[in-house]
Amino acid sequence: MVSHDARWRQRETSASRNDIVIKFSEVVKNFSKKDPSSSSSCVPEVGARPRWPHPFDYNSLMKAFSHAGEVEEVLRLFREMKEDFHCGPDVVCYTSVVDSLATANRPEEAVAVFEEMVSAGVIPDTAAYTVLVKLYSCHLKRFDSAYEVIRWMTKCGCVPDVITYSTLIAGLCWADRVEEALGVLDQMLEEECRPNVHTYTPIVQAYCSRGRIEEARRLVDAMDAIGCPPNTVTYNVLIQALRKIRAFDEVEKLLKHSDAKGWKPDVVTYSIYMDGLCEFGRADKAWEQLQVMLGKGLRPNAVTVNILLDCLCRGSKAPEAKRLLERSAELEWDADVVNYNTVMSRLRDAGKWLSVLKLFSDMIKKGIATNSRTFSIVIHSLCKAGKLDWAKCIFNSRGFVANIVTYTTLIHYFHVAGKVDEAHALFYEMVEENVVPNQITYGVMVKCLCRERKFLEAIGCFYRSLEDGFSPNLFACLTYWLVRGKRLMEILSLLQWILRQGYIIDFCVVRGLINAFCREGCCQSREIYILSHVLDKILGTR
DNA sequence: GATTAGAACC
């Protein structure tokens, strides 16, 4: 069965499927009918049209699926290549698969495929080892292993190149180990491996994200001096940092001198700048930048449009944002699902459920693929307006993909409306549908059960939530309700159990408990004794 | 003809 999450991802990536189909048709042109009885060789005769898909073809397809985040398709093609066509993957194909798995955060499988390549007698090249470095450095932050891969590849006669080192440096920078990254840069220079703009930009970014703007500025200037001029991406990183500290004059200065410095601001540059202007209440100036962009022949993309729509919504102009979205085709804006979700969520917050429904209908008419987030916004909007029946009706409609947020929203509103049975039924349906409850869902359920004075069930629900880790907030919520229900003995045994498990009860939990006890007036005879015992347990004073 | 590195919105 396909999980909800996977179905959600399919919707999220539906736009990129078109690209895949185009690439697939190009590849298919090179394929003739599969003939399992003929020779298994995949190498065409000289001058003959290839009868079998070549590793090139497989690799093009695998890259397209990998780019769209469809790792299962990549793996299916990889298996097909090995089993159906008996055409052993070469180092390039193995590298694509390892990279795809690493990017999809499936490290064990990535390493297993790499090992399979070595066992199959395929010799890894620099690109293959670099993907392993990326896995350990950028994804797992296991730098000892990343260094080990570099030593190992060198021993095998494979020289690490500028990409290998830049990848390692990027990982170190993201892990806030800038000084160590600078050490790697020195090592590169010692080995006469010339750094490029990809090597320096992550370092500029690390300085920027830690507020070390002056060092970032100096490095950008130094890059020019050492013959590795910063490019648009480097400047975008710097501009993002300047925008955060509201140094808009400096951003203007950088843009003004861009020609002289040899770089061209792109749609990302203007989007960053406009987003900063919007965030700090300078919407008019942001819209001016849109004109500047258009004047340079740069078309706003979906991200730019989103920044502007969000800007309107923040300025209490959500209805205006809605009108722009509805006219997006005429304005030649490529409105996407995120744009609609942004405006719809703001309209939902403003209680404009009818406008939310109108935009939802507009999306469907325009053929813009909706996703779970869209449905959650629509459902939430209807629930907020007290239209639970309509919400349930849309929820039950065909083609609807509910996720954890949708379920939790509905459960919450059923609970608030006192429709406890429906709330419970949805919770069980969710579990049956393999949608895993999160701490927010458990919080709603605990409240729901406690309101009905089903304290033991609420405690059971809390124990179940521990599969997802201990949440002090959820624990505080449960104990608050137990105090209100005067279930002091239950609190005591729960606390004993929690402390035995080694979970940490923080200050917020203790304060919440004390407040709850005070509110309930638990200061008489036997109760005050139990209360004192409970507090001693928490504070470890007995 | 294919493989490895950096930036913006929700």
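Because only heavy atoms are used, hydrogens play no part in the values below, and waters and symmetry mates are left out as well, while side chains stay in.
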If a protein heavy atom is under 4.0 Å from the base, mark B; if only from the sugar-phosphate, S; if neither, -; do that for nucleotides 4-10 of chain B going 5' to 3'.
BBBBBBB

Give the table of side-chain donor-acceptor pairs shorter than 3.5 Å for residues 115-127 of chain A, with sequence neighbours excluded, one pair per line with atom names and distance.
| residue | atom | partner | partner atom | Å |
| --- | --- | --- | --- | --- |
| A:Glu116 | OE2 | A:Lys82 | NZ | 2.8 |
| A:Glu116 | OE2 | A:Tyr94 | OH | 3.4 |
| A:Ser119 | OG | A:Glu115 | O | 2.9 |
| A:Asp125 | OD1 | A:Ala127 | N | 3.3 |
| A:Asp125 | OD1 | A:Ala128 | N | 3.0 |
| A:Thr126 | OG1 | A:Val159 | O | 3.3 |

Only pairs under 3.5 Å count here: list side-chain donor-acceptor contacts from residues 280-294 of chain A, not counting sequence neighbours, and write none if there are none.
| residue | atom | partner | partner atom | Å |
| --- | --- | --- | --- | --- |
| A:Lys285 | NZ | A:Glu252 | OE2 | 3.3 |

Check: residues 188-195 of chain A side-chain donor-acceptor pairs under 3.5 Å, at least two apart:
| residue | atom | partner | partner atom | Å |
| --- | --- | --- | --- | --- |
| A:Glu191 | OE1 | A:Tyr165 | OH | 2.5 |
| A:Glu191 | OE2 | A:Tyr165 | OH | 3.3 |
| A:Glu191 | OE2 | A:Gln187 | NE2 | 3.2 |

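A:Asp90 contributes no side-chain N or O that forms a donor-acceptor pair with the base of B:dT3 under 3.5 Å.
Residues meeting the side chain to side chain donor-acceptor pair (under 3.5 Å) test with A:Glu148, sequence neighbours left out: A:Arg151.
Sorted by first then second residue, the ring-ring contact (aromatic ring centres under 6.0 Å, His included) pairs that include residues 210-247 of chain A, not counting sequence neighbours, are A:Tyr235-A:Trp263.
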